[in-house]
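Positions are given from 1, in the same order as the sequence printed here.
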Amino acid sequence: MNPAAIIFDNFGPYHLARLRAAADTCDLLAIEVAGRSATYAWDASRVTEKFRRETLIDCVPRGEIARGLRATLERFNPAVVVVPGWASPAAWAAMQWCTQRRVAMVCLSESTSHDETPAAWKHALKSRLVRLFSAALVGGQRHVENLTQLGFPAERIAFGYDAVDNDYFAMNAAAASANADETRNKLNVPANFFLASARFVEKKNLERFLEAFARYRNGGGTWSLVLLGDGPLRPALEKRRDELGLGAHLLMPGFRQYGELPAYYALAGAFIHASLVEPWGLVVNEAAASGLPLIVSNRCGCAPELVRAGVNGFTFDPTDVRALEARMEKIAAPDFPRAAFSAASREIVAPWGPQRFAQGLAQAIDTALAHPPAPAGLIDRNLLSFLARR
């Protein structure tokens, strides 16, 4: 079994679930750049894992991440390195190390053409970097389209990147549902509510979301909204909540740890994700695994794979407030077939568990080994040297 190293900025609960499954299929060293995420306030996991694990910032100064990463790769001497994209200091350092030693690389990518419209020079730069990889592991078809537009061969792309522990959410949501009254009192949530979970940042489109919810309420809707998460826009969102007169109908409990999430999913009537830009949207996986009908922005990378209109949910244009309002009205209607949509969500997301990641990773590693990298040219070497010093 050829050794492989895989790099993430931080190991959140999703990463750990995937890595545990992947450890059964390959000799794996998992490297996290930092023990804590700058984006999500997850509690750090110190459980002994069945895969080897290294955390750089716990052992090297922040300014020495590139050097620490290269030293770790030298010690492990992997046959393949699985790199998180092509646009971060850790990715550039790993790519430089691999090109210098002609070690095959797998690109973890969930970028889509919806993310941005890059200038011509940016597109050219991305294309040059992407072609240094021997294989790629992606979440869905939109990620394939983006990579192939950059010149990457479609036959070297495997699926399975964006997976969560479906069984964890299904079982724990079912347990919370079995004690619904007790759970509801503990969480202090109403009988009927839409659920959303997002960082409070611009791209999550939360102000429009609140406007759509206010329209739903003003039109006679009776469900409340529970909005999990936190971020720099919290003061603005609280102000907007008050301006819209939503009062007690909009609950904002803050960021919730992994162990708390299934209870919220268990009691919700539907899940909404309204992002303007979203490479995938793992919260949609969680909601589907918990058996919720889905209302998902058509900009979300997961929409083609996880949302089937009229079967387990609906998509909408995230800039169209009235469209979102209409979806809320439809799903909250007394005669809406919620049980059928719930069952369909579980069935649709079932293939997107940790084993899907493990299988996709193994396929990508095999592909990379079958397509060893050619020697990097002078331009590529100089480009990576420049980027790695940034």
Evaluate side-chain contact (heavy atoms from CB on, under 4.5 Å) for Phe341 paired with Phe314, printing each intermediate quantity in order. CA-CA 10 Å; Phe341 274 57; Phe314 304 96; 3.9 Å; yes

Decide side-chain contact (heavy atoms from CB on, under 4.5 Å) for Leu28 and Ile6; before the verdict, give the C-alpha distance in whole Å, the side-chain angles of both, and the deciding distance to 0.1 Å. CA-CA 7 Å; Leu28 194 64; Ile6 185 168; 3.8 Å; yes

Tell me, with the steps shown, if Val83 and Met95 meet side-chain contact (heavy atoms from CB on, under 4.5 Å). CA-CA 8 Å; Val83 182; Met95 293 174 73; 4.3 Å; yes

Can you check side-chain contact (heavy atoms from CB on, under 4.5 Å) on Ser197 and Val283, steps first, answer last? CA-CA 7 Å; Ser197 180; Val283 288; 4.1 Å; yes

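Among residue pairs with one or both ends in residues 83-102, those qualifying as salt bridge (charged side-chain N to carboxylate O under 4.0 Å, His left out) are Glu74-Arg101; sequence neighbours excluded. Within the structure, every pair that satisfies the salt bridge (charged side-chain N to carboxylate O under 4.0 Å, His left out) test and touches residues 317-328, not counting sequence neighbours, is listed here: Arg215-Glu325. The list of salt bridge (charged side-chain N to carboxylate O under 4.0 Å, His left out) pairs with a residue in residues 194-207, not counting sequence neighbours, reads Lys204-Glu278. Evaluation of the side chain to side chain donor-acceptor pair (under 3.5 Å) test over residues 350-360, restricted to residues two or more places apart or in two chains, returns none. Applying the side chain to side chain donor-acceptor pair (under 3.5 Å) test to pairs two or more places apart or on separate chains, those with a residue in residues 371-382 are Arg128-Asp380. Within the structure, side chain to side chain donor-acceptor pair (under 3.5 Å) contacts touching residues 162-177 (residues at least two apart or in different chains) do not occur.
In this structure a side-chain-to-backbone donor-acceptor pair under 3.5 Å is present from Asn10 to Ala34. Between the side chain of Arg18 and the backbone N or O of Ala163 there is at least one donor-acceptor pair closer than 3.5 Å. Side-chain atoms of Glu286 never come within 3.5 Å of backbone atoms of Phe169 as a donor-acceptor pair (strictly under, hydrogens ignored). Listed for the Glu32 side chain is a donor-acceptor partner under 3.5 Å among the backbone atoms of Phe11. Judged purely by atom type and a 3.5 angstrom limit, Ser127 uses its side chain to pair as donor or acceptor with the backbone of Leu150. Not one N or O on the side chain of Gln96 forms a donor-acceptor pair closer than 3.5 Å with the backbone of Ala93.
In this structure, Pro372 has no side chain to side chain contact (heavy atoms under 4.5 Å, CB included) partners at least two apart in sequence or on a different chain. For His273, there are no ring pair (Phe, Tyr, Trp, His ring centres under 6.0 Å) partners at least two apart in sequence or on another chain. By the side chain to side chain contact (heavy atoms under 4.5 Å, CB included) test, Ala287 is found to be paired with Tyr265, Phe271, Leu292, Leu294, residues two or more places apart in sequence or in another chain being considered. In this structure, Phe386 has no ring pair (Phe, Tyr, Trp, His ring centres under 6.0 Å) partners at least two apart in sequence or on a different chain. Checked against side chain to side chain contact (heavy atoms under 4.5 Å, CB included), Cys107 has the following partners two or more places apart in sequence or in another chain: Trp86, Ser109, Phe133, Ala136.
Relative orientation of the Trp280 and His143 rings is tilted, given thresholds of 30° and 60° on the angle between their planes. Phe194 and Tyr216 have perpendicular rings, their planes meeting at more than 60° on a 0 to 90° scale where under 30° would count as parallel.
In summary, the side chains of Thr315 and Asn298 do not present any donor paired with an acceptor at a separation below 3.5 Å, with no hydrogens or angles considered. Between Arg346 and Ser342, the side chains place a donor N or O and an acceptor N or O closer than 3.5 Å (distance only, hydrogens not considered).
The side-chain heavy atoms of Ile272 and Leu195, taken from C-beta on, include no pair separated by under 4.5 Å.
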What pairs of donor and acceptor atoms, side-chain ones from residues 235-247 against any protein atom, are under 3.5 angstrom apart with sequence neighbours left out?
| unit_1 | atom_1 | unit_2 | atom_2 | d |
| --- | --- | --- | --- | --- |
| Glu238 | OE2 | Arg234 | NH1 | 3.1 |
| Arg240 | NH1 | Glu243 | OE1 | 3.1 |

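Checked against Leu276 for a side chain to side chain contact (heavy atoms under 4.5 Å, CB included), the options Pro318, Ser297, Cys300 give a single hit: Pro318.
Annotation for Ile379: atom CD1 does not count as buried by contact number, only 12 or fewer foreign heavy atoms lying within 6.0 Å. Heavy atoms of other residues, nucleotides or ligands lying less than 6.0 angstrom from CZ of Arg308 number 12 at most.
Salt bridge Arg75/Glu54: present, at least one basic N to carboxylate O contact under 4.0 Å. In summary, Arg67 and Glu64 engage in a salt bridge, as defined by a charged side-chain N under 4.0 Å from a carboxylate O.
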